[in-house]
There are 4 protein chains.
Amino acid sequence: MEEDISATSAPRRRQARGKRRMAQLLDAAASVFCKCGYTKASTNAIAREAGVSPGTLYQFFPNKEAIAVHLGERLMQQMLEAHGQAFTDANVSLPLDKMLDAILDPIIEFNLRNPAFLALIHGPDTPGEIASSKQVLHATLQRQVEEAITLRAPELPHDQCVRVATTAFVIFREGLSLAMQHQGAERAAYIVELKAALTGYLAPTIGTEAHAVRH
Amino acid sequence: MEEDISATSAPRRRQARGKRRMAQLLDAAASVFCKCGYTKASTNAIAREAGVSPGTLYQFFPNKEAIAVHLGERLMQQMLEAHGQAFTDANVSLPLDKMLDAILDPIIEFNLRNPAFLALIHGPDTPGEIASSKQVLHATLQRQVEEAITLRAPELPHDQCVRVATTAFVIFREGLSLAMQHQGAERAAYIVELKAALTGYLAPTIGTEAHAVRH
Amino acid sequence: MEEDISATSAPRRRQARGKRRMAQLLDAAASVFCKCGYTKASTNAIAREAGVSPGTLYQFFPNKEAIAVHLGERLMQQMLEAHGQAFTDANVSLPLDKMLDAILDPIIEFNLRNPAFLALIHGPDTPGEIASSKQVLHATLQRQVEEAITLRAPELPHDQCVRVATTAFVIFREGLSLAMQHQGAERAAYIVELKAALTGYLAPTIGTEAHAVRH
Amino acid sequence: MEEDISATSAPRRRQARGKRRMAQLLDAAASVFCKCGYTKASTNAIAREAGVSPGTLYQFFPNKEAIAVHLGERLMQQMLEAHGQAFTDANVSLPLDKMLDAILDPIIEFNLRNPAFLALIHGPDTPGEIASSKQVLHATLQRQVEEAITLRAPELPHDQCVRVATTAFVIFREGLSLAMQHQGAERAAYIVELKAALTGYLAPTIGTEAHAVRH
DNA sequence: GATGAATGAGTCTTCATTCAT
DNA sequence: GATGAATGAAGACTCATTCAT
């Protein structure tokens with residue numbers, strides 16, 4: 001608008017650089033969160049890992065938590081882009097064990113590539129601070145689980161559905177965490193256990209059979 | 001009070017006072033860990049809560065983690081004293097649901113009275129520092145679970161047994177955590193879910209029937 | 001609007017835009033200085049308030065203090081334009097109380113509309129940095145007061161005149177400040193006190209009677 | 001009590017050291033406040049000036065403002081100790097000019113020795129932050145002025161008395177500030193102006209004559 | 001002229017730990 | 001054993017200013 005004659009205007013280029021920096025910072029944050037956990041990850045360390053000064057970090061994020069929130073959002077979005085079909089009706093109507101495979105396998109695979117996911121989903125150990133960082137992932141995933149359960153067991157009262165989803169979610173989270181703490185065959189074996197746990201827990205509530213869903 | 005001239009020798013008295021101080025400090029630590037979580041609990045805060053100076057604290061514990069470790073040990077011991085019979089053969093040979101009631105109810109009740117238990121069992125969110133603090137409770141409880149499972153399913157390969165125990169343990173830990181985050185009826189409902197999850201998970205492995213055990 | 005193709009030449013247009021920008025920035029600065037005081041007003045905040053980038057701000061002012069200086073100059077100029085007749089011979093020759101009314105009332109009224117005036121006239125609390133910012137307003141006003149006093153009391157030695165002017169000026173400044181800290185009737189009452197203070201101070205030196213002045 | 005046989009017990013000695021450190025820190029703060037003003041005085045600078053680490057400073061004061069408050073309190077106390085008789089009935093009943101001499105001279109002299117007084121009484125330039133630091137000195141002194149005025153002019157309505165005291169106080173403060181900015185004869189001359197200003201302002205309200213006061 | 005990213009020293013404050021008494 | 005002062009590195013965050021585009 002002002003003075004640009006070039007094809008890609010200056011403001012646009014600047015904006016692009018901004019996006020790149022944010023990505024860079026989020027990458028660094030992911031790395032540091034993994035190494036140290038949320039609490040011990042320092043903003044200065046994140047900046048250093050990103051190769052920028054602390055001031056730069058704060059040009060993009062107002063505080064440490066915002067970094068976690070953005071990272072969480074980016075992770076969620078990437079996961080949905082990569083495996084958005086996990087919670088589709090097609091999957092949800094499969095027999096329970098197939099359904100769990102269809103839903104969990106992509107998520108697990110995503111976690112292997114993005115270990116920051118687990119770091120975030122655990123958040124700080126401080127009781128009060130339920131941590132918006134945690135919230136983002138938590139809320140989104142849990143809503144999906146709730147929806148899936150509602151589809152499979154429409155007669156379940158809402159509050160009970162919430163409890164089941166919540167419980168299923170923490171089982172998933174901790175089972176995954178366990179798996180990630182191991183390698184190779186052991187990890188695979190823990191994933192088997194995780195699925196067994198979810199199957200065992202959910203079967204009485206939502207049944208094991210294939211199940212036509214309709215909204 | 002302090003300097004009584006009773007028959008008991010001076011060293012013994014000193015030792016007794018030491019025990020009292022440690023108990024005092026551990027009580028304070030429990031309280032602070034509950035309020036703040038492990039990471040944000042400062043040794044100064046613990047000392048203040050105990051009504052002693054930081055220097056005194058370090059006369060009994062070499063560092064922050066040692067406090068957590070000792071607290072964990074004391075909690076374990078108190079739990080065993082109060083509910084040592086939880087994992088007895090009698091209980092372990094009950095039908096699965098009865099067994100879970102028999103084992104979990106005392107532990108849950110103990111947690112209600114000692115919320116520091118949960119704070120410790122979660123420990124710092126720092127990955128590396130899987131925290132000897134956590135370890136104490138973890139290890140002890142898990143061993144008990146392993147034993148129980150071995151009794152119920154002696155043919156299970158050892159490594160599989162470990163995985164099952166580990167998985168069952170995290171389900172228990174997180175389910176309990178969920179319950180403690182709620183109150184009254186909601187808490188009770190979450191406990192029901194917790195038991196349902198464990199039942200569902202363990203039934204295929206260790207069976208639901210009563211089961212005579214023998215060492 | 002910006003890029004109109006009118007007769008006026010490009011450089012002139014650019015210069016006009018420059019003036020507009022400066023005005024814009026000074027307005028923003030006035031607003032921020034009022035809200036935060038000189039010290040806590042950040043250049044970034046001023047730029048933001050003006051709706052421009054920090055870089056742009058520094059294209060017009062070499063540093064924070066220059067902004068204050070320019071703002072001071074603009075305020076002085078606006079005040080002279082609006083109430084330039086305050087220190088005219090006609091006013092200065094009035095009886096003391098009428099003279100104070102004639103001089104102070106417009107200035108006070110100007111301050112009501114331009115509260116940045118007070119913010120500037122106080123400047124940073126830093127001793128060394130008696131602050132050119134402050135200086136501008138200070139110097140100009142004080143010179144006028146000196147002139148008025150010289151006219152009323154030509155026989156007064158110069159250095160004494162300076163002291164009287166200086167003292168009268170700070171009385172005025174702080175009295176005004178006090179008035180601005182209150183509202184409505186209370187403010188009016190403080191203005192009465194301000195005038196009483198100046199009358200009481202100046203009467204012995206420059207007399208209360210009307211006084212023909214001549215240069 | 002515990003193990004001390006010495007004349008001055010260990011705890012007492014420790015407490016003494018604490019007091020000494022606080023005094024040391026307040027001295028340092030006074031010095032830094034004078035050099036830099038309240039706003040630019042950094043807690044680290046104060047600690048450095050006191051020859052201790054930042055942590056030590058925070059063992060005695062919870063934050064920067066508390067330092068200022070304590071310093072203000074100490075200054076007030078020292079002033080009262082040194083010149084507590086300034087506002088006595090004897091002085092207040094003198095003729096106005098004698099009264100001002102009797103009251104102001106000691107205060108002025110105190111300021112010469114404790115220039116931090118002025119730094120504190122001005123406080124940060126931030127508008128909102130009326131600064132408890134400032135408050136301490138302000139409030140105490142103003143109350144004394146109010147009392148003196150009430151004694152001299154008992155018929156004055158209370159709110160008017162407050163305004164007069166407030167105005168007189170700021171005249172004093174700024175006049176003193178002016179004097180402190182100069183040296184030698186010039187300073188003396190400014191003190192003369194200060195007294196003239198107060199005399200001129202107060203005479204109409206509280207009269208110039210000696211005045212028997214009674215409570 | 002305009003932009004906004006980049007800087008980096010500096011601010012206040014905390015905390016695990018040590019040490020003289 | 002007990003005290004509490006002392007430490008100092010570290011943390012989150014700010015801001016005047018510069019620079020590439």
Side-chain angles (χ1 to χ4, degrees), chain A residues 1-4 6 8-15 17-18 20-22 39-47 51-65, chain B residues 2 14 17-18 21 40-48 52-65, chain C residues 2 14 17-18 21 40-48 52-65 67, chain D residues 1-4 6 8-15 17-18 20-22 39-47 52-65:
Chain A
M1 275 167 181
E2 291 282 282
E3 309 283 349
D4 55 306
S6 59
T8 57
S9 62
R12 196 173 311 202
R13 262 205 312 282
R14 243 183 280 115
Q15 206 169 323
R17 188 166 49 143
R20 229 179 305 135
R21 264 294 126 83
M22 274 191 63
T39 306
K40 292 204 123 188
S42 88
T43 56
N44 284 0
I46 294 172
V52 302
S53 68
T56 299
L57 186 155
Y58 280 90
Q59 200 122 32
F60 293 92
F61 304 99
N63 53 45
K64 185 174 162 180
E65 183 158 330
Chain B
E2 291 282 282
R14 221 181 293 141
R17 193 171 54 168
R21 271 285 132 87
K40 290 205 130 188
S42 85
T43 55
N44 284 349
I46 293 171
R48 202 180 320 123
V52 304
S53 66
T56 299
L57 185 155
Y58 278 88
Q59 211 115 32
F60 292 90
F61 304 99
N63 53 44
K64 185 174 164 181
E65 183 157 329
Chain C
E2 291 282 280
R14 220 181 295 140
R17 194 171 56 169
R21 271 285 133 88
K40 291 204 130 189
S42 85
T43 55
N44 284 349
I46 293 172
R48 202 180 320 120
V52 304
S53 65
T56 298
L57 186 155
Y58 278 88
Q59 210 117 31
F60 292 90
F61 304 100
N63 54 45
K64 186 175 164 181
E65 184 159 326
I67 303 173
Chain D
M1 279 162 182
E2 290 283 283
E3 308 283 349
D4 55 307
S6 60
T8 56
S9 63
R12 195 172 314 204
R13 263 206 312 284
R14 243 183 280 116
Q15 205 169 323
R17 189 166 49 142
R20 229 179 307 136
R21 264 293 126 85
M22 273 191 65
T39 307
K40 292 204 122 187
S42 88
T43 55
N44 283 0
I46 293 173
V52 302
S53 68
T56 298
L57 185 155
Y58 280 90
Q59 199 121 31
F60 293 91
F61 305 99
N63 53 45
K64 184 175 162 182
E65 183 157 331

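What you are looking at is a predicted structure, and each value in this text was computed from that prediction instead of being measured. Chain A is the first sequence line, chain B the second, and so forth, proteins listed ahead of strands; every chain is numbered from 1.
- Between T43(C) and L57(C), the shortest heavy-atom contact is O-CD1, 3.5 Å.
- Protein atom CD1 of I46(B) is 12 Å distant from nucleotide atom C1' of dC15(E), rounded to whole Å.
- If you take NZ of K40(C) and P of dT11(E), they are 14 Å apart, rounded to a whole angstrom.
- Each of V52(C) and S53(A) has a nearest nucleotide on DNA chain E; the 5'-most of these lies closest to V52(C).
- The listed nucleotides are dG1(E), dA16(F), dT7(F); the one nearest the side chain of F60(C) is dG1(E).
- The distance from atom CD of E65(B) to atom P of dT17(E) is 10 Å, rounded to the nearest whole Å.
- If you measure from atom NZ of K64(D) to atom P of dT14(E), you get 15 Å, rounded to the nearest angstrom.
- Residue-level contact check: A45(D) touches neither bases nor backbone, having no heavy atom under 4.0 Å from any strand.
- Of all heavy-atom pairs between N63(D) and Y58(D), the closest is CA-CE2, 3.9 Å.
- Between dG1(E) and R21(C), no contact under 4.0 Å exists linking OP1 or OP2 to a side-chain N or O.
- Residue T43(C) has its side chain nearest to dT17(F) when only dT17(F), dC13(F), dT13(E) are considered.
- Comparing dT21(F) with dG1(E), their P atoms sit 22 Å apart, to the nearest whole Å.
- Among the nucleotides dC15(E), dT3(E), dA2(F), the one closest to any side-chain atom of T56(C) is dT3(E).
- In this structure, dT21(E) forms a base pair with dA2(F), meeting either the Watson-Crick or the G-U wobble geometry with both donor-acceptor distances under 3.5 Å.
- In this structure, CZ of R20(D) is placed 13 Å from C1' of dA20(E), rounded to the nearest angstrom.
- The listed nucleotides are dT7(E), dA16(E), dT13(E); the one nearest the side chain of Y58(D) is dT13(E).
- A donor-acceptor pair is defined here as one N or O able to donate and one able to accept, closer than 3.5 Å; no such pair exists between the side chain of K40(C) and the backbone of T39(D).
- Of the two residues contacting DNA chain F, namely P62(A) and P62(C), the nearest-nucleotide position lying further toward the 5' end is that of P62(A).
- In terms of position along DNA chain E, the nucleotide closest to G55(A) lies nearer the 5' end than the nucleotide closest to the other residue of the pair N44(B) and G55(A).
- Heavy-atom distances to DNA chain F give each of G18(B) and R17(A) a nearest nucleotide, and the one nearer the 5′ end belongs to G18(B).
- As rounded to whole Å, 11 Å separates atom P of dT14(E) from atom CZ of R48(B).
- If you check dC15(F), dT18(F), dG8(E) against the side chain of P54(C), the one that comes closest is dT18(F).
- If you measure from atom CG of L57(B) to atom P of dT18(E), you get 12 Å, rounded to the nearest angstrom.
- For the pair Q59(B) CD and dG4(F) C1', the interatomic distance rounds to 13 Å; values are reported in whole Å.
- Within the 4.0 angstrom heavy-atom criterion, only backbone atoms of the sugar-phosphate kind lie near A41(B); the bases stay farther away.
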